[in-house]
Participant: 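So that we are looking at the same thing, I have put the structure below in structure tokens.
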Amino acid sequence: MDSDDDLRVASDSELVDGADYHYCSDGESNGGRSDDDGFDVGGDAYEVGDEVVAMREKRYIVLTENDIRERQEEGINRVSSIFSIPRESARILLRQYKWNVSKLSDEWFTDEDHVRRFVGLPTDGVILPDCQKLTCGICFEGYSTSALSSASCVHFYCNECWEGYISASINDGPGCLALRCPEPSCSAMVLEETINRLAKDEDKVKYKKFVLRSYIEDNKKMKWCPAPDCTRAVEFLGDLNYDVSCMCKFNFCWNCTEETHRPVSCETVSKWILKNSSESENMNWIIANSKPCPKCKRPIEKNQGCMHMTCTPPCKFQFCWLCLGAWSEHGIRTGGGYYACNRFESAKEKGIYDEAEARRERAKNSLVRYMHYYERWASNQTSRQKAQADLQKAASENLAKLSDVFGIPETQLKFIPEAWSQIIECRRVLKWTYAYGYYLDDKAKSEFFVYLQGEAESGLERLHKCAEKDIHAFLPKAGKTEPAPSLEDFSKFRVKLAGLTSVTRNYFENLVRALEAGLEDVHGMGQSTSQSTSNNTTGTSYKKLVTTGKSGRNKAARLS
């Protein structure tokens, strides 16, 4: 990659071409734009970016609990009005039909009686028996009719038994939404009015939560945000890009609910997470670094230089680490002594130990390869978390300090948090490229991938260094009376940081597109008449792929 001075800010067309990856479709991020004209960094490109975001179709909607309740009430009112039934009955019908008004309407007007029987909705009112007392069907005690209730059917139970029945059902979970009459042969549904009248206060709260959650969990196009303690849901409207951002700032994949992981597929993420948490690598380590005791077969790790091994109790078998033979048959002259084994060396020459050694070598190579990718995956995650903390610090402290030093409104310093936001996003992408590379088994694509990944990492490090370290030259230092840098120097810093942000964003956008396309152009590269020609043109081909946007125009940013 070129030096920092060789980088320039992307043109208007570059910002528009690369907009679709960095910006959330609902316009939550302004992607490196400045709201002020105090420093002319990108010209009209930033205004064009606003238009691009506004024009794009929304991919998802974030719903709060109030939004969900409003939707529920809207559906209940609609069904109650169309069907001419009480709201309680409408609520029961919608819950049983998973809040699908269209399906409920079709079946209701086709055969109303069938729907009522299926749901357990009574057709007529309940007539109390003409007597002073009735026997509760659960406790078999006699009660006046005013102390008894039913699920709109002919089966009456005392209110105390109802309370226990309802409480047990609610504490069992969401199945309480389909609670029916305690009589096994009766299918009458228990209405919410009955629950509100007879249940305990804490049970009423739980029941209402189940009702609220049912609207999301019964809908295939809606899911709860997986962030801890977040009570919002996301309605997905459809797109090939499943990445969504909740109001709680947690970004996740709507398809698999894992953290956003473009350009890696959900399948690869699932395999990678499973591998990180499974015992497979432990077994590889055992194979690579231990040998089985010849007697009890337990794995033994060699922790000293001597070849004389003694298994742990109760086995206590003594054997040679090299040939696994009994130590009693070894001697300094016949077996090679404590630091060698003539039997092993001679057997190795005959190929007797080739298979076991090859197996152990494969295990070592597999373990080393996995650790290579995992360490870098984890390292970028750590860097991303640190960048998130630095973004908070920049927003809460550094902007105010810079505003005081240079007399610039904080609204004109947004390029700093925007740079940090881009660093966080790029760290996320770079982290998942290591999972991508681990499962990439095509040699040509692997070489191409390593080049692209190296360029991405190099560019990101330059941006990260500029945002993290270069800014300190402009921040006031406690206890020092050095003259503050000039406004001209700060203006140059802004141009540099904004330029690096734009170039890095464009590179990563194209990197993601290339990886999601499966690096399909790789096999067409470098197939020239001579190896030297192939070597000379490969770098140019790489650069062309990663610096070309959707429109096919080469990006102005110089990447290598």
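Being a predicted model, the structure only gives us computed values, none of them experimental.
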Participant: Can S265 and T268 be counted as having a side-chain donor-acceptor contact under 3.5 angstrom?
Facilitator: yes

Participant: The test is salt bridge (Lys or Arg N to Asp or Glu O under 4.0 Å); show your working for E65 and R69 and say whether it passes.
Facilitator: CA-CA 6 Å; E65 289 188 350; R69 290 191 185 94; 3.6 Å; yes

Participant: Do R369's NZ or CZ and the ring of Y438 fall within the cation-pi criteria of under 6.0 Å and 45°?
Facilitator: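 Cation-pi check for R369 and Y438: passes.
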
Participant: Apply the side-chain hydrogen bond (donor to acceptor under 3.5 Å, both in side chains) test between N380 and each candidate in R427, K431, R428; give the one that qualifies.
Facilitator: R427

Participant: Which residues pass the side-chain contact (heavy atoms from CB on, under 4.5 Å) test with E70, not counting sequence neighbours?
Facilitator: D67

Participant: Thinking salt bridges, do E425 and R262 make one under a 4.0 Å N-O criterion?
Facilitator: no

Participant: Less than 4.5 Å apart, any side-chain heavy atom of L212 and any of Q72?
Facilitator: yes

Participant: Would R213 and E217 satisfy salt bridge (Lys or Arg N to Asp or Glu O under 4.0 Å), going step by step from the backbone distance to the final call?
Facilitator: CA-CA 6 Å; R213 296 187 68 86; E217 291 162 3; 2.9 Å; yes

Participant: With rounding to the nearest 0.5 angstrom, report the NZ to CD distance, K386 to Q388.
Facilitator: 11.5 Å

Participant: Hey, are the side chains of C256 and Y242 touching, using non-hydrogen atoms and a 4.5 Å cut-off?
Facilitator: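 Of all side-chain heavy-atom pairs linking Y242 with C256, none is under 4.5 Å.
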
Participant: Do other residues, nucleotides or ligands put more than 12 heavy atoms under 6.0 Å from E74 CD?
Facilitator: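 Open: at most 12 neighbouring heavy atoms sit under 6.0 Å from CD of E74.
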
Participant: Would R232 and C248 count as a side-chain contact (heavy atoms from CB on, under 4.5 Å) if you check the C-alpha gap in whole Å, the side-chain angles of each, and the deciding distance to 0.1 Å?
Facilitator: CA-CA 8 Å; R232 300 174 184 86; C248 66; 3.8 Å; yes

Participant: side-chain contact (heavy atoms from CB on, under 4.5 Å) for C246 and C230? Distances and angles first, verdict last.
Facilitator: CA-CA 9 Å; C246 183; C230 182; 3.6 Å; yes

Participant: Charged N to carboxylate O below 4.0 Å: is that the case for D243 and R59?
Facilitator: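 No, this pair does not count.
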
Participant: Are side-chain heavy atoms of M247 and T64 found at a separation under 4.5 Å?
Facilitator: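 A side-chain contact under 4.5 Å exists here.
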
Participant: Indicate the atoms forming the closest heavy-atom contact of W254 with K220, along with that distance.
Facilitator: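 The pair with the smallest heavy-atom distance is CH2-O, 3.1 Å.
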
Participant: Rounded to the nearest 0.5 Å, how far apart are CD1 of I68 and OG1 of T231?
Facilitator: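 If I round to the nearest 0.5 Å, the distance is 8.0 Å.
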
Participant: Please report whether the ring centroid of W420 lies less than 6.0 Å from that of H464.
Facilitator: yes

Participant: Do the non-hydrogen side-chain atoms of L515 and F449 ever get within less than 4.5 Å of each other?
Facilitator: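 A side-chain contact exists here, since the closest heavy-atom pair is under 4.5 Å.
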
Participant: I'd like to check the side-chain hydrogen bond (donor to acceptor under 3.5 Å, both in side chains) partners of E73; sequence neighbours left out, ordered by chain and number.
Facilitator: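 side-chain hydrogen bond (donor to acceptor under 3.5 Å, both in side chains) list for E73, sorted by chain: R87.
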
Participant: Would you verify whether the NZ or CZ of K223 falls within 45 degrees of the ring axis of F236 while also being under 6.0 Å from that six-membered ring's centre?
Facilitator: no

Participant: For residues 483-490, dump all side-chain donor-acceptor pairs below 3.5 Å to protein atoms at least two apart in sequence or in another chain.
Facilitator:
{"unit_1": "S486", "atom_1": "OG", "unit_2": "D489", "atom_2": "N", "d": "3.2"}
{"unit_1": "S486", "atom_1": "OG", "unit_2": "D489", "atom_2": "OD2", "d": "3.1"}

Participant: Might you point out which heavy atoms bring T260 and F252 nearest each other, and give the distance in Å?
Facilitator: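 Minimum heavy-atom contact is CG2-N, 3.3 Å.
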
